[in-house]
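First up is the structure itself, then whatever we jot down about it.
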Amino acid sequence: MIDKNSPLPIYYQLEQAIRAQIQQGELQPGELLPSEKAYTEKYNISRMTVRQAINNLAQEGLLVRMKGKGTFIAEQKIQQTLKGITSFSEEMKQKGKKAASRIITLEEVNANPYIAEKLDVDKDSSIWKLKRVRLADQIPIAFETSYMPKKIVGEIKEENFAQSFYDYVENTLQLKITHGNQDIESTLAEEEDKEYLELEEGSPILLINRLTYVDGNRPFEYVRTAYRADKYKYKLSLPR
Ligand code: 16G
């Protein structure tokens with residue numbers, strides 16, 4: 001598998017070999033990767049070379065290092081195509097996973113100037129603030145903090161969020177969700193993200209802020225969602 005006469009660097013050949021083993025299922029997600037020593041002995045190559053290959057694969061997210069435990073094959077990420085407004089429940093259904101929510105809090109708060117402007121309500125007016133953990137097959141994937149204006153969603157209860165909120169908006173409130181604007185950035189998990197997503201100190205997250213509208217121009221939710229970067233990724237098709 002490793003050809004020392006090849007012009008391809010040895011670390012790269014080892015990387016390709018491990019990658020192929022993962023793709024072919026010889027190394028399964030969650031499994032411990034053989035030790036550096038095992039690779040040095042098997043291929044008669046230096047520890048530095050093995051380390052470089054493993055570093056590159058860890059950086060790519062194919063391997064995960066756990067302090068004091070070793071290096072493991074990473075779980076497959078949930079891959080979401082970015083092409084329209086979908087709810088978490090719909091996304092998970094498409095992937096054959098069971099969506100669930102754990103409601104942390106639902107409360108009435110006074111809109112701060114930033115949120116008031118986003119939701120087109122008066123500053124300090126009473127709005128809903130909801131915190132939910134979103135789970136796929138019982139694994140926490142995302143932590144959402146949403147703000148919703150009462151003038152659009154009215155009086156809401158926790159049970160309206162137990163399943164799909166978008167289903168409630170469209171089918172119970174009979175509103176048409178028309179579009180949304182969102183940005184996506186990578187950052188580090190904050191205290192609550194770590195707690196609810198079961199992450200360690202310094203873990204990366206994919207942070208999404210979304211403003212979603214009904215009836216064309218009426219904003220009905222402003223959401224901050226922290227996705228686990230080890231479990232979720234976006235896919236785009238780019239026309240030219
Ligand atoms: C997604 C949306 C969130 C929306 C939720 C509704 C992003 C970043 N966030 O998580 O804005 O509230 O879906 O899901 O896409 P539900 O209908 O399953 O409650």
Side-chain angles (χ1 to χ4, degrees), residues 77-107 109 111 114-115 118-121 127-150 152-187 189-190 192-193 196-197 199 204-237:
K77 294 187 184 184
I78 293 171
Q79 184 170 293
Q80 178 58 29
T81 307
L82 256 190
K83 61 170 196 259
I85 292 275
T86 45
S87 70
F88 186 85
S89 305
E90 289 164 338
E91 283 175 23
M92 293 311 130
K93 198 170 168 199
Q94 282 166 13
K95 307 276 175 304
K97 296 188 181 290
K98 194 175 168 353
S101 300
R102 186 153 73 82
I103 296 172
I104 308 295
T105 48
L106 172 63
E107 52 183 343
V109 296
Y114 181 76
I115 303 284
K118 294 272 178 211
L119 291 180
D120 190 24
V121 297
I127 56 170
W128 294 108
K129 178 177 180 182
L130 169 77
K131 289 186 183 177
R132 281 195 296 183
V133 181
R134 310 307 309 266
L135 305 104
D137 289 344
Q138 296 178 351
I139 296 171
I141 301 291
F143 171 56
E144 291 174 358
T145 306
S146 346
Y147 299 88
M148 293 147 289
K150 289 189 172 172
I152 297 188
V153 299
E155 287 303 317
I156 45 182
K157 300 190 186 77
E158 284 197 8
E159 64 215 46
N160 304 133
F161 298 96
Q163 301 296 323
S164 166
F165 175 52
Y166 279 7
D167 184 57
Y168 175 75
V169 170
E170 293 180 315
N171 296 318
T172 306
L173 299 180
Q174 295 275 315
L175 296 168
K176 188 169 166 41
I177 298 174
T178 46
H179 70 290
N181 294 321
Q182 73 179 33
D183 52 54
I184 306 175
E185 60 188 307
S186 71
T187 181
E190 292 182 6
E192 284 193 317
D193 305 324
Y196 297 125
L197 297 176
L199 296 172
I205 54 165
L206 210 53
L207 183 67
I208 298 180
N209 286 297
R210 180 196 273 191
L211 184 61
T212 327
Y213 296 80
V214 286
D215 302 339
N217 61 358
R218 302 167 69 211
F220 81 97
E221 66 161 5
Y222 180 70
V223 195
R224 171 202 186 270
T225 311
Y227 284 90
R228 280 181 60 159
D230 61 335
K231 296 259 178 247
Y232 196 87
K233 69 175 176 184
Y234 276 118
K235 186 181 176 184
L236 295 97
S237 166

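As the structure lists them, so they are numbered: ligands from 1, and atoms in each ligand from 1.
Between Phe143 and Tyr196, the angle of the ring planes lies from 30° to 60°, which puts this pair in the tilted group. Aromatic ring pairs are classed by plane angle as parallel below 30°, tilted from 30° to 60° and perpendicular above 60°; the pair Tyr222 and Tyr114 is perpendicular.
Among Ala226, Ser89, Ala142, the residue whose heavy atom lies nearest to atom 18 (O) of ligand 1 is Ser89.
Thr225 places no side-chain N or O within 3.5 Å of a backbone atom of Glu144 that could act as its donor or acceptor partner.
Looking at residues two or more places apart in sequence or on another chain, you find a salt bridge (charged side-chain N to carboxylate O under 4.0 Å, His left out) between Lys150 and Glu108.
The side chain of Arg132, and not its backbone, has at least one atom closer than 4.0 Å to an atom of ligand 1 (non-hydrogen atoms only; side chain from C-beta on). At a heavy-atom cutoff of 4.0 Å, ligand 1 is contacted by no atom of Glu90, backbone or side chain. Heavy atoms of Tyr227 found under 4.0 angstrom from ligand 1 belong exclusively to the side chain.
Here the protein heavy atom with the shortest distance to atom 17 (O) of ligand 1 is Ser164 OG, 2.5 Å. Remark: minimum distance from atom 11 (O) of ligand 1 to any protein heavy atom is reached at Glu221 OE2, 2.8 Å.
Environment of CD in Gln163: sparse, with no more than 12 heavy atoms of neighbouring residues, nucleotides or ligands closer than 6.0 Å.
Ligand 1 has an N or O atom lying under 3.5 Å from an N or O atom of Phe88, backbone or side chain.
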